[in-house]
There are 6 protein chains.
Amino acid sequence: MGDLTHFNKSGRANMVEVGHKLNTQREAVTSASIFMKPETLRRIMDQKIKKGDVLAVAQVSGIMAAKNTSNLIPMCHNIFLTGADVEFETDEESSRIDIKATVRTTGKTGVEMEALTAVSVAALTIYDMCKSIDREMEITDIKLLKKSGGKSGDYVREGYEKLLEE
Amino acid sequence: MGDLTHFNKSGRANMVEVGHKLNTQREAVTSASIFMKPETLRRIMDQKIKKGDVLAVAQVSGIMAAKNTSNLIPMCHNIFLTGADVEFETDEESSRIDIKATVRTTGKTGVEMEALTAVSVAALTIYDMCKSIDREMEITDIKLLKKSGGKSGDYVREGYEKLLEE
Amino acid sequence: MGDLTHFNKSGRANMVEVGHKLNTQREAVTSASIFMKPETLRRIMDQKIKKGDVLAVAQVSGIMAAKNTSNLIPMCHNIFLTGADVEFETDEESSRIDIKATVRTTGKTGVEMEALTAVSVAALTIYDMCKSIDREMEITDIKLLKKSGGKSGDYVREGYEKLLEE
Amino acid sequence: MGDLTHFNKSGRANMVEVGHKLNTQREAVTSASIFMKPETLRRIMDQKIKKGDVLAVAQVSGIMAAKNTSNLIPMCHNIFLTGADVEFETDEESSRIDIKATVRTTGKTGVEMEALTAVSVAALTIYDMCKSIDREMEITDIKLLKKSGGKSGDYVREGYEKLLEE
Amino acid sequence: MGDLTHFNKSGRANMVEVGHKLNTQREAVTSASIFMKPETLRRIMDQKIKKGDVLAVAQVSGIMAAKNTSNLIPMCHNIFLTGADVEFETDEESSRIDIKATVRTTGKTGVEMEALTAVSVAALTIYDMCKSIDREMEITDIKLLKKSGGKSGDYVREGYEKLLEE
Amino acid sequence: MGDLTHFNKSGRANMVEVGHKLNTQREAVTSASIFMKPETLRRIMDQKIKKGDVLAVAQVSGIMAAKNTSNLIPMCHNIFLTGADVEFETDEESSRIDIKATVRTTGKTGVEMEALTAVSVAALTIYDMCKSIDREMEITDIKLLKKSGGKSGDYVREGYEKLLEE
């Protein structure tokens, strides 16, 4: 097993040096799900047509959070993102919304944390906008689906190989 | 079922007016879990004694995130928090860490979002500090356990009644 | 004529003391306009129905900016807002979008700056999202329409008396 | 007419991918004006000599805002700026202050938004510091004067060709 | 000797609960000094008259930092400040600038951290603006001079009793 | 003596243009000290073993502050840091803690300000966490020890030559 890198010689946390790493194109794809009452999901879906748009606000919050990641995660490098996207898929059968984020950079560190932060904050925003009608929503399955670029090579989570083809 | 409050007359999102609400003492308790390889969990636990301290960094990040919530969640009011705490419990059997946050205010809005943001960011920080040895960690079960204060009254999630006695 | 208050004894800028002021309900209403090519306006309006939604993003940015005002305007107090709303009206004849913001607080200072910042940032966001097709958009007429609460009393800009009745 | 780029396949806003773009030197020049009572303008000009300095504070706020742009404008990339400057010209005849910002980067995106945000926030700061004596100030004519670098080529707004020679 | 309050039951840092504390008027006065070469000091002083103004920028940075304190100091409450001022005194004999900050609030916590952060950041800004001509400047004597309001009562640092009379 | 670079033609502060500078590896090492009562120092050292960990929180705050520097110091460029570390040494004899920060980048500007901000904020955090038992702590000797990279060449403060060998 490898090393936990975020520690200095005296065992305290640091922001590890990456100056020797190459600037390469890097991408991370992540997902999260938020479960809710069927009635809540229906309200979100209807509003997309009728009036307000919960997912539009969640989308904006996820992208802004990706850019803000290094202010939230203490040992995470502040980096320039070349692009960020957040997508939603509603699943009426299980009464949940799936959130997928894709973040890219040309730089010295991966963008897993940016993409994980994007789906987390998008999910929290959905919670915020619907909490007056459904306190029991649950956010689950925040995870890395795919990662490319950098020395450690490409990674695709088992069961998500179809992402490779996109 | 009640109303989705975060929309104005033309159906666009707004930050709902709470000027008429009373300043009351409010509290929210939330939790999240992060699953990881047994080896990762052991490394985190050993370091608590031997050298670095993943959970110390996660704790700080969770508390700072609670204060930063209104910059992340678009329609969330910016409020003064009277206190914030984050606690961890490690469960070796299921190879996970449970995170619990308690946030309090004396004000016009609840602090659910602040407490949910605290556990989410603490979990993301654990991911960040261990991702070099375990990419497949999953963050799950981000949820509200308890809420008190405000007009809508107290709430305890089913199965968490013991929290009432604390 | 009154005094410029934002200066200390040696003539340097300071954040003026408001500790002696009463906590009262305060409101500010502001507006801005952004002029563009007719084709640009049509594209924004069509998208509201068909696909993306420029104004949804602008709305979110305006409300977040209102909360962020004291980090942008150096001598502006950091305050709790009880509510914030941003509205848009499209005027095809003059090929412009009018933006109106309403911000409220219960506190010791007015919220003119928060409401002016909201319309400014909403307008800048419209520019950002359309600049690939129209570089020559112009943002104009950022102004205070109405103000209530506080010792200096209510104010309605000449020509905007109808706002009083809302 | 070109395409609105800030939308993904399902029509939602995203931060467009720029990883394929070249790092080139880019510059944007923008301007804004703020109209005020003659008495207000005179007070600002006198203070430059006598005591406080409204424009010094506005200058600082404009430059800090340029660096902060990607936190304000949701779909705007976070980039490294190589330089930023804000200048003021007072026009007693029309009783206004003209604000000009010049922002530069070596990067993959233009800096129009940074330069537009700089003049907007500088103007808002002037409003803030003088609002106790003049509520009716108006901020107008926020616009792009010149842009260079990048694939879309150089641009100079009609009537501002003299900027080319600077 | 009292207790270190910033720890929870398991010994981890938390943001201590202050909901039971009274809202009282509180003030803190702090100071810092920055030593430099005589030539550097003379340049700063001359510019105050002739051209640029290092201290004007430092002043703005100190006041903005006071408002930003809770984002910098992890266990520090986010509070509303009723006022903030930063003053400079130049001492040619010892070739240093003394910085004094006064911060006030009406609230549940003291404002020592806000006032200490204000003088620290103002001093760092002076360093930044002069570092091209003097790398060896030193910032020293950052300390609390006076504190009033709150249960722990008033405090004046020995040797600074004259501050009581202001 | 060189020039104060942070001023534009009309003598106002600006963020100086660095677009022509080379991207080189740059490093800055800084230090600060905080003096306290012997009892306070003992409490901090004991807690490192027994319960809470003041220095763990200070460490996190220093590293986050390094990333946040350009939001605090008005004319400081926003840059990507390749690494940041903060170390503590306790000196019981003089009853003080010495703080050392090392910051690195590959870029067009030095990282002195980032490293000076890191030690300053780490020291302020120690003050914050111990102020309930010791109001009279003093932060001193914030200074640059070493700087490398960039056109102005390497620099080591007199008396710190041993840092060259690390």
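Order of the sequence lines fixes the chain letters, A, B, ..., with proteins taken first and strands second; residue numbering starts at 1 for each chain.
The 12-atom threshold is not exceeded at CD of E:E89, counting heavy atoms of other residues, nucleotides or ligands nearer than 6.0 Å.
Note that the OG1 atom of E:T106 and the NZ atom of C:K21 stand 12.5 Å from one another [nearest 0.5 Å]. Considering NE2 of C:H20 and CD of E:Q25, their distance stands at 10.0 Å, rounded to 0.5 Å. Atom CG in C:N78 sits 10.0 Å away from atom OG1 in E:T82 (nearest 0.5 Å). Taking CD from E:Q59 and CG from C:N14, the interatomic distance works out to 7.5 Å, rounded to the nearest 0.5 Å.
Per-residue heavy-atom pair counts under 4.5 Å with chain C were compared for E:D85, E:I79, E:V60, and the maximum is reached by E:D85.
Between E:L81 and C:M15, the closest heavy-atom pair is CB-CE, 3.8 Å. E:L55 approaches C:R12 most closely through the heavy-atom pair CB-NH2, 3.5 Å.
With a threshold of 4.5 angstrom between heavy atoms, C:V16 approaches chain E through N, CA, C or O but not through any side-chain atom. Contact annotation for E:I63: only side-chain heavy atoms (C-beta onward) come within less than 4.5 Å of a heavy atom of chain C.
Between C:E17 and E:T102 there is no side-chain heavy-atom pair separated by less than 4.5 Å.
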